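Bear in mind the structure is a predicted one, so any value in this text is a computation, not a measurement. We name chains A, B, ... by the order of the sequence lines, and we start the count at 1 in each one.
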2 protein chains.
Amino acid sequence: MSSRRVLPGKSPTSRPGPEGGRRDANRRARTDDLARAALSLFLERGIEAVSIDEIASAAGVAKGSFYTYFHDKADLVQALLEPVASSLRGAFSRCAERLEAANARNDRDALAMSYLALAVDIRDLFEAEPLVARLYLQECRGPANGARAPVASVAELIRGAALRLTEVARAGGLLRDLDTRVTAAAMVGASEHLCMRVLSGEDFGDLSNAMTVLVTLVMEGLGPRASTREVGA
Amino acid sequence: MSSRRVLPGKSPTSRPGPEGGRRDANRRARTDDLARAALSLFLERGIEAVSIDEIASAAGVAKGSFYTYFHDKADLVQALLEPVASSLRGAFSRCAERLEAANARNDRDALAMSYLALAVDIRDLFEAEPLVARLYLQECRGPANGARAPVASVAELIRGAALRLTEVARAGGLLRDLDTRVTAAAMVGASEHLCMRVLSGEDFGDLSNAMTVLVTLVMEGLGPRASTREVGA
DNA sequence: ACATACTTTGACCGCTCAGTCATGGTTTGT
DNA sequence: ACAAACCATGACTGAGCGGTCAAAGTATGT
């Protein structure tokens, strides 16, 4: 699972030049420069606080050149997130297929392994794209306005998938009969926070260790084999 | 635990007028108006995206009046958060005391009850100040720059306390020998996400239900009585 | 009663910003 | 070879913003 390029939000309309040609290569390089510069600045100051001029300057291009490749800041954010969003869609999709097969066979272990495979997929993705993952985690709780709207879209994707997958886990007997929405939210929250801390480079151990704790937490905390000790509220 | 007033960041230097007098009452009302207006706008658009003019306008005062009561936006955010931050400090402090007493008696049940009492304290606080809690949760992951710096300070307070408390839980035998930082992060993450979803009013059940799931998750997922089934990574 | 600090207002000011576009150079397709 | 699209540049434009402050009204302390 190699990282994929950020694509420009805007392309020439009639004569883009041959693939691999001068203009094509130039567009790739410029897009990359802008994306990289923006990502770094966004992580440092937040999406909203960074100006187009600063991004262009940090990328080493003129301000007007920014608009050759992107419509506006939101367009750039969208482009930054798209490779990760696409991979996430793929991961959730593969997990859904594995779950379907496991359910058809009434195979509870295969069910559990589907979720574990998903966790590994997500771990791999975040490790391949740590900075984009961090940006997502940093911004995904903010309101979906302005340049942050693309981030909110990815959050919606993840939320929906977590809910669906949690529902399947419950129906398949992996989780007790607790409120699915609450359970899904707890899992998303815990995993995001762990990833965020790990990816921030705080001498926090690696993502696999964090994932292990998370899976333990879920399987034993919410699974049907839990002890009879129940803490009342 | 009643909610407390937001205090102005700026006060008159020589003749504030008598407590309860015309000017005192006026300052309270204006401060409240500004705080309320700002809070609403911040939740809708994020702290950074809201201008001083918008806050003043929404509060029904002239723009220059904003500066009568607050130095700048960060000052207002600080004032908004202070009552909640103060209560959190109190809650953590009370929990620490209860833990100390339980540890002195080697009383494991009292240890567990200390954490439960903390969860109840935090639930009560968030229910008393839902909008401020939501603002905190929305913004606490962002970089600590500009008007968001006071939010980051509260996040630091919570992170530090969670780590300390998790360490005590581990030493007291409530949690297995997993990495304390990871465990603390998972708990903070899960609880924040749950609170955020509940407080957003998404037909998500109440905070007590969410807290119950969270406590179950922790006590059974990470406690020493966990089943021998271990999911490898 | 009076002097003075407080309060309110909103026009003003200088600065920043997103987006535009004229100009000139480069690449492509015919 | 040539026409035309593409590309880069940065000055320009109008809008928006934070903060200031003169002028006038109000509350307070002596």
Checklist entry - Would you say the side chain of B:R23 and the base of D:dT26 hold a donor-acceptor pair, judged only by whether the two atoms sit under 3.5 Å apart? => result yes
Next on the checklist: So, OP1 or OP2 of D:dA8: does either fall under 4.0 Å of a side-chain N or O from A:R30?
Outcome noted: yes
Next on the checklist: Base, sugar-phosphate or nothing for A:S51? Non-hydrogen atoms, less than 4.0 Å.
Outcome noted: sugar-phosphate
Next on the checklist: By the 4.0 Å heavy-atom rule, please label B:G64 as base, sugar-phosphate, or nothing.
Outcome noted: base
Checklist entry - Can a side chain N or O of B:R22 be found less than 4.0 Å away from OP1 or OP2 on D:dT26? => result no
Checklist entry - Is any side-chain N or O of A:N26 closer than 4.0 Å to OP1 or OP2 of D:dC6? => result no
Item to check | Rounded distance in Å - CG (B:D75) to P (D:dG19) | outcome: 11 Å
Checklist outcome for this item: When B:G21 and B:V50 are each assigned the nearest nucleotide of DNA chain D, the 5'-most assignment goes to B:V50
Next on the checklist: I need the NZ-P distance between A:K63 and C:dA18, as an integer number of Å.
Outcome noted: 7 Å
Next on the checklist: Nearest whole Å is fine: how far is D:dG18 P from B:Y69 OH?
Outcome noted: 19 Å
Checklist entry - Using a cut-off of less than 4.0 Å, is there contact between a side-chain N or O of A:Y67 and OP1 or OP2 of D:dT9? => result no
Checklist entry - Would A:E192 and B:H193 count as a side-chain contact (heavy atoms from CB on, under 4.5 Å) if you check the C-alpha gap in whole Å, the side-chain angles of each, and the deciding distance to 0.1 Å? => result CA-CA 9 Å; A:E192 282 185 357; B:H193 204 81; 4.1 Å; yes
Next on the checklist: Tell me whether the side-chain N or O atoms of A:R15 pair up with the base of D:dA4 as donor and acceptor below 3.5 Å, since no angle test is needed here.
Outcome noted: yes
Item to check | salt bridge (charged side-chain N to carboxylate O under 4.0 Å, His left out) assessment of A:D121 paired with A:R94 | outcome: CA-CA 10 Å; A:D121 272 356; A:R94 285 193 296 280; 3.0 Å; yes
Item to check | Between D:dC17 (P) and B:I55 (CD1): distance, integer Å | outcome: 11 Å
Checklist entry - Ignoring hydrogens and angles, are the base of C:dA18 and the side chain of A:K73 linked by a donor-acceptor pair under 3.5 Å? => result no
Checklist entry - Between atom CG of A:L131 and atom CD of A:E129, what is the distance when rounded to the nearest 0.5 Å? => result 8.0 Å
Checklist entry - Can you check salt bridge (charged side-chain N to carboxylate O under 4.0 Å, His left out) on B:E82 and B:R89, steps first, answer last? => result CA-CA 10 Å; B:E82 185 49 37; B:R89 273 181 225 114; 3.5 Å; yes
Next on the checklist: Applying a 4.0 Å non-hydrogen cut-off, can you work out what B:P16 is touching in the nucleic acid: base, sugar-phosphate, or nothing?
Outcome noted: nothing
Next on the checklist: Let's see if you can work this out: which of D:dC7, D:dG19, C:dT7 has an atom nearest to the side-chain heavy atoms of B:R27?
Outcome noted: C:dT7
Checklist entry - What's the CZ-P distance between B:F66 and D:dC21, to the nearest Å? => result 18 Å
Next on the checklist: Check this for me: does any side-chain nitrogen of one of B:R170 and B:E167 sit under 4.0 Å from a carboxylate oxygen of the other?
Outcome noted: yes
Next on the checklist: If you compare every side-chain N and O of A:S65 against the phosphate oxygens of D:dC7 (OP1, OP2), does one of them come in below 4.0 Å?
Outcome noted: no
Checklist entry - Roughly, in whole Å, what's the span from CG in B:D53 to P in D:dA15? => result 16 Å
Next on the checklist: If you apply the rule salt bridge (charged side-chain N to carboxylate O under 4.0 Å, His left out), what do you find for A:E54 with A:R45, and how did you get there?
Outcome noted: CA-CA 12 Å; A:E54 286 177 300; A:R45 315 232 311 282; 3.2 Å; yes
Item to check | Under 4.0 angstrom between A:S14 side-chain N/O and D:dC6 OP1 or OP2 | outcome: yes
Checklist outcome for this item: Here the distance between atom P of D:dT13 and atom CD1 of A:I52, to the nearest Å, is 21 Å
Checklist entry - So what does A:F70 touch, heavy atoms closer than 4.0 Å: a base, only the sugar-phosphate, or nothing? => result nothing
Checklist outcome for this item: To the nearest angstrom, the CG-P distance between B:L34 and D:dG18 comes to 14 Å
